[in-house]
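Just so we're on the same page: letters track the sequence lines, and every chain starts at 1.
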Amino acid sequence: MGLELYLDLLSQPCRAVYIFARCNSIPFEFKRVELMKGEHRTEEFRKVNVLMKVPALRDGSFTLAESVAILMYLTRKFKTPDHWYPSDLQKQARVDEYLSWQQAHIRGKGSKLFVTKMLIPILTGQPLPPEKVEGATEELNVVLSQFEEKFLQDKPFIVGNDISLADLVALVELMQPVAAGYNLFEERPKLAEWRRRVEEAVGKQLFQEAHEEILNAKNVSADKIAPELREHFKQQLLKKLHSSYRKLHL
Amino acid sequence: MGLELYLDLLSQPCRSIYIFARTNNIPFEFKHVELFKDSVLGKKPAAASGAERPRTGPCLSCAEDPTSGCSTPGPSNSEGDGKISLLKKVPVLKDGDFTLAECTAILLYLSRKYNTPDHWYPSDIKKRAQVDEYLSWHHANIRANAPKTMWIKVLIPLFTGQPQPSEKLQEVMEGLSTSLKQFEERFLQDKAFIIGSEISLADLVAIVELMQPVGVGCDIFEDRPRLMEWRRRVEEAVGKELFFQAHEMILNIKELSNIQIDPQLKEHLAPVLMKMLK
């Protein structure tokens, strides 16, 4: 039994792992875990990841969760080209810095907009008040500016001349609000150029294939989601959204 | 000019870096940043020149060298995140003209540059992956709730004059409880430390975060003997004296009430905090 990757391509971190493994020709068995069907909450999947989240990796008896950990494990085990996670101390630190910062920022705000603008309306059958969507959009724009000013700057990629894990993780996250209908690349030419470069570096076809499902997410209607799950997701998402302390990171 | 670490020991990520550097005898200049005193709004009111650049704290390095890639968001005029983010100005590392933010990045950089003992970030790829896994999970879980105890019990009352919101505290403690259960089940289990028989960056990052609620009177170790035992081992592994020195401020948090908070900072943050209370 070789490497198994447990993924649902609706999820951003899963797409990063999928694209990375495929574009580096890493042999693996794709184990689909359909979140909308609640497959992440089965006893069988719990054996792979007791925290019931995707992505997850199983390599023999070794199991691993958290996309950043999985990506780094793959770079080491399969000795992928240096630029993905450079051996140069400072460049490596820049990748680490981005991967850490992005959790609360690009990932946090991108997901929030996706959930606000698309997911909750699908689950509840009604849109949220427009101020909520506007607020989430504004918050995303703040972090997008920070991303452009502090991370990307005038370089072709985040860490310089070559693509790294940082760019891959960044772009898959940004596709989530795009899938919800917010075309953030339209007004940001620098980002659009960077996106084009990242897609080319991993392979356009692979990139598009990985994003096919999420880009068709608008077509998901509530009845595609198992009823007992619908309620569960709804509660979870509304709770997260209303948590006023989400921003506190001291 | 050697290694400089900009830290405020009230902040958990700062403590993990401080303890790591000290326990490994990494030579550095401790640049003390007092989050509640060093206003990023500038010492004088912005009468003469609108947006006066901050003259304190690590962002000085950003102002001097915009290509340094410092990721800590600068002072912002936007509501909400911008204002709270000023508190994320630490930790910052400066090594010559290389500036680095984000605790995980700093810890990894130090472990590599100074070739610290293998157990901190093992070369065995599976053990290393377990450290990475913990460090990643930690952010969205333990770190999502543990810090809030300090906000609710100390900082919000201090800044806004309002009593601590007890329902919020209960919510936070419940969230923290869930995370702690997962921590014990998935990460610690029956091992001495997260990755096995030796301490690693994972344990260090975890413990400093869990000391935050302890400092404000929510002793999460009280009914968790396995965690308590683990804590004892971690303290011993880094050195008890160092551990307590690093935690002196947070363990004497009542003194914080006597701190002179920069009035502009107070004015700036109070309404934002009040909004969050609702």
- Please list, in residue-number order, every residue in residues 64-76 of chain A that has a heavy atom less than 4.5 Å from any heavy atom of chain B; write 'none' if there are none. A:L64, A:A65, A:E66, A:A69, A:M72, A:Y73, A:R76
- Among A:F147, A:Y85, A:Y98, residue most engaged with chain B (heavy-atom pairs, under 4.5 Å): A:Y85
- Query: Around atom CD of B:Q189, are there more than 12 heavy atoms of other residues, nucleotides or ligands at under 6.0 Å?
  - Reply: yes
- Hits for salt bridge (charged side-chain N to carboxylate O under 4.0 Å, His left out) against A:R46, two or more places apart or cross-chain, chain-then-number order -> B:E185
- Shortest non-hydrogen contact from B:A105 to A:A93? CB-O, 3.9 Å
- Message: For a quick test of reading the model, state the closest non-hydrogen atom pair linking A:R94 to B:L100 and the distance between them.
- Response: NH1-CD1, 3.7 Å
- Within 6.0 angstrom of A:K53 NZ, more than 12 heavy atoms from elsewhere: no
- Message: At a heavy-atom distance under 4.5 Å, which candidate from A:V50, A:V95, A:L89, A:D154 has the highest pair count against chain B?
- Response: A:L89
- Query: Going from CD on B:E133 to OG1 on A:T63, what distance comes out if it is rounded to the nearest 0.5 angstrom?
  - Reply: 7.0 Å
- Which distance, rounded to the nearest 0.5 Å, do you find between the NE2 of B:H139 and the CZ of A:R107? 12.5 Å
- Could you grab the distance from atom CG of A:D96 to atom OH of B:Y109, nearest 0.5 Å is fine? 12.0 Å
- Item | More than 12 heavy atoms of other groups within 6.0 Å of A:R41 CZ | no
- Decide if atom NZ of B:K191 counts as having more than 12 heavy atoms of other residues, nucleotides or ligands within a radius under 6.0 Å. yes
- Query: Between atom CD of A:Q103 and atom CD of B:E102, what is the distance when rounded to the nearest 0.5 Å?
  - Reply: 9.0 Å
- Query: Which region of A:Q90, side chain (C-beta onward) or backbone (N, CA, C, O), has a non-hydrogen atom less than 4.5 Å from a non-hydrogen atom of chain B, or is it both or neither?
  - Reply: both
- Message: Is A:N49 in contact with chain B via its backbone, its side chain, both, or neither, using a 4.5 Å heavy-atom distance?
- Response: side chain
- Message: If you count heavy-atom pairs within less than 4.5 Å of chain A, which of B:L135, B:T104, B:I125 leads?
- Response: B:I125
